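Structure first, then comments.
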Amino acid sequence: MLTVPGLCWLCRMPLMLGHWGMCSVCTRATCQHVCLCPQCGLPAAHPDIPCGRCLQKPPPWQRLIAVSDYVPPLSGLIHQLKFSRRSDIAPALSRLMLLEVLQARRTRGLPLPDRLISVPLWQRRHWRRGFNQSDLLCRSLARWLGCDWDGQAITRTRSTATQHHLSARLRKRNLKNAFRLELPVQGLHMVVVDDVVTTGSTVAEIAQLLLRNGAATVQVWCLCRTL
């Protein structure tokens with residue numbers, strides 16, 4: 001679908017002068033209204049208390065914020081961004097994530113991080129796609145929130161199999177020692193930004209790496225959390 005300046009990408013209604021992306025109605029419809037655990041991001045009984053899963057075996061991060069489940073219309077926009085080289089979609093998707101972060105700050109006192117970390121692509125996949133979608137999301141978020149961001153803070157040490165073909169157990173094994181930290185993070189509050197979190201294996205591996213190197217806390221922000 002072609003995007004036209006001044007028209008909402010979803011409903012095609014006119015936007016305010018100078019706006020580009022989605023109208024306020026489609027933005028509200030895109031954000032989910034499901035009660036999720038504040039730590040793992042999966043369905044829970046209370047949005048402010050970690051679920052039973054996290055009380056028994058918490059993930060290595062302290063907080064997860066997601067815009068929606070991986071369902072239309074957001075899943076379609078992410079697919080266009082990643083596989084149709086529609087990098088122009090990234091700022092509007094970043095804005096959806098920003099709205100969730102600001103809502104969490106207002107209602108739950110979410111602290112702002114010291115630094116954003118984007119999940120890296122293997123160099124060949126990065127070259128084929130032409131960009132890293134997590135970098136594009138981070139770039140806008142860092143500017144709006146006044147946080148530090150460096151696209152080379154985490155690098156991949158080797159190529160890994162495509163995750164969506166693997167089971168949760170194989171995903172974890174596939175990513176073992178696949179990342180290297182390139183910057184000091186001692187005492188810093190970090191956020192790992194990705195487009196989609198499915199089993200959480202990728203962000204868990206990065207979060208563990210950050211904590212082993214002295215990060216004070218780790219949050220995960222994503223567009224979609226597969227429920």
Side-chain angles (χ1 to χ4, degrees), residues 30-71 74-75 78 96-120 134 137-138 141 145 147 153-154 160 163-179 181 185-227:
T30 299
C31 297
Q32 63 191 352
H33 305 286
V34 180
C35 185
L36 301 177
C37 170
Q39 189 164 8
C40 68
L42 294 174
H46 199 284
D48 298 319
I49 301 174
C51 65
R53 295 176 297 266
C54 291
L55 292 175
Q56 292 183 356
K57 189 178 180 181
W61 61 82
Q62 284 72 48
R63 189 66 176 266
L64 187 145
I65 292 179
V67 176
S68 171
D69 189 5
Y70 191 64
V71 294
L74 193 51
S75 59
I78 294 173
L96 292 177
M97 203 182 299
L98 175 70
L99 293 176
E100 289 297 316
V101 170
L102 295 179
Q103 175 70 10
R105 280 183 58 75
R106 285 192 299 268
T107 60
R108 298 164 196 162
L110 181 79
L112 282 180
D114 298 308
R115 181 179 290 273
L116 304 182
I117 296 285
S118 50
V119 174
S134 297
L137 297 172
C138 270
L141 283 170
L145 295 172
C147 299
I154 296 278
T160 54
Q163 288 285 91
H164 62 261
H165 295 305
L166 304 177
S167 65
R169 180 176 60 85
L170 291 178
R171 284 174 185 236
K172 186 174 181 179
R173 182 186 300 174
N174 182 47
L175 292 166
K176 190 68 176 177
N177 299 320
F179 301 102
L181 182 62
V185 296
Q186 183 74 34
L188 297 182
H189 299 279
M190 310 294 293
V191 166
V192 181
V193 176
D194 204 1
D195 55 335
V196 181
V197 172
T198 306
T199 65
S201 299
T202 301
V203 289
E205 186 71 19
I206 293 176
Q208 289 166 349
L209 176 62
L210 294 172
L211 292 171
R212 285 198 304 269
N213 283 272
T217 61
V218 178
Q219 299 178 48
V220 175
W221 297 352
C222 60
L223 289 170
C224 292
R225 173 60 157 127
T226 302
L227 304 183

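Just so it is clear, the structure is predicted and the values come from calculations on it, not from any experiment.
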Legend entry - CG-CD1 distance between Leu98 and Ile65, expressed to the nearest 0.5 angstrom: 10.5 Å
Inset, instruction - Kindly indicate whether the side chain of Ile117, heavy atoms from C-beta on, has any atom under 4.5 Å from the side chain of Val193. - result: no
Legend entry - Check: Leu110 main-chain N/O paired with Arg105 side-chain donor or acceptor under 3.5 Å: yes
Legend entry - Nearest-0.5 Å distance, CG of residue Leu141 to SG of residue Cys147: 8.5 Å
Would you be so kind as to tabulate the donor-acceptor pairs closer than 3.5 Å made by side chains of residues 217-227, with sequence neighbours excluded?
residue, atom, partner, partner atom, Å
Thr217, OG1, His189, ND1, 2.7
Gln219, OE1, Trp221, NE1, 3.0
Gln219, NE2, Pro111, O, 3.3
Arg225, NE, Cys40, O, 3.0
Arg225, NH1, Thr198, O, 2.5
Arg225, NH2, Cys40, O, 3.0

Legend entry - Minimum heavy-atom distance between Cys51 and Ala44, given as atom pair plus value: CB-CB, 4.0 Å
Legend entry - Backbone of Gln39 reached by a side-chain donor or acceptor of Trp61 within 3.5 Å: yes
Legend entry - Pairs meeting criterion side-chain hydrogen bond (donor to acceptor under 3.5 Å, both in side chains) with involvement of residues 42-56, two or more places apart: Asp48-Arg108
Inset, instruction - For residues Ile206 and Val192, report the shortest heavy-atom separation together with the two atoms involved. - result: CG2-CG2, 3.9 Å
Inset, instruction - Kindly determine whether Asp69 and Val34 satisfy side-chain contact (heavy atoms from CB on, under 4.5 Å), including the steps that lead there. - result: CA-CA 9 Å; Asp69 189 5; Val34 180; over 6 Å; no
Inset, instruction - For residues 187-201, pull every pair meeting salt bridge (charged side-chain N to carboxylate O under 4.0 Å, His left out), keeping only residues two or more places apart or in separate chains. - result: Lys82-Asp195
Inset, instruction - Mind checking the CG-CG spacing from Leu102 to Leu145? Nearest 0.5 Å is all I need. - result: 6.5 Å
Inset, instruction - Would you indicate whether the side-chain heavy atoms of Pro47 and Pro38 approach each other to under 4.5 Å? - result: no
Legend entry - Val101 side chain reached by Val191 side chain, heavy atoms, under 4.5 Å: no
Inset, instruction - Only pairs at least two apart or in different chains count here, so list each salt bridge (charged side-chain N to carboxylate O under 4.0 Å, His left out) that has a residue in residues 208-219. - result: none
Inset, instruction - List in chain and number order the residues that pass side chain to side chain donor-acceptor pair (under 3.5 Å) with Ser68, two or more places apart in sequence or in another chain; answer none if no residue qualifies. - result: none
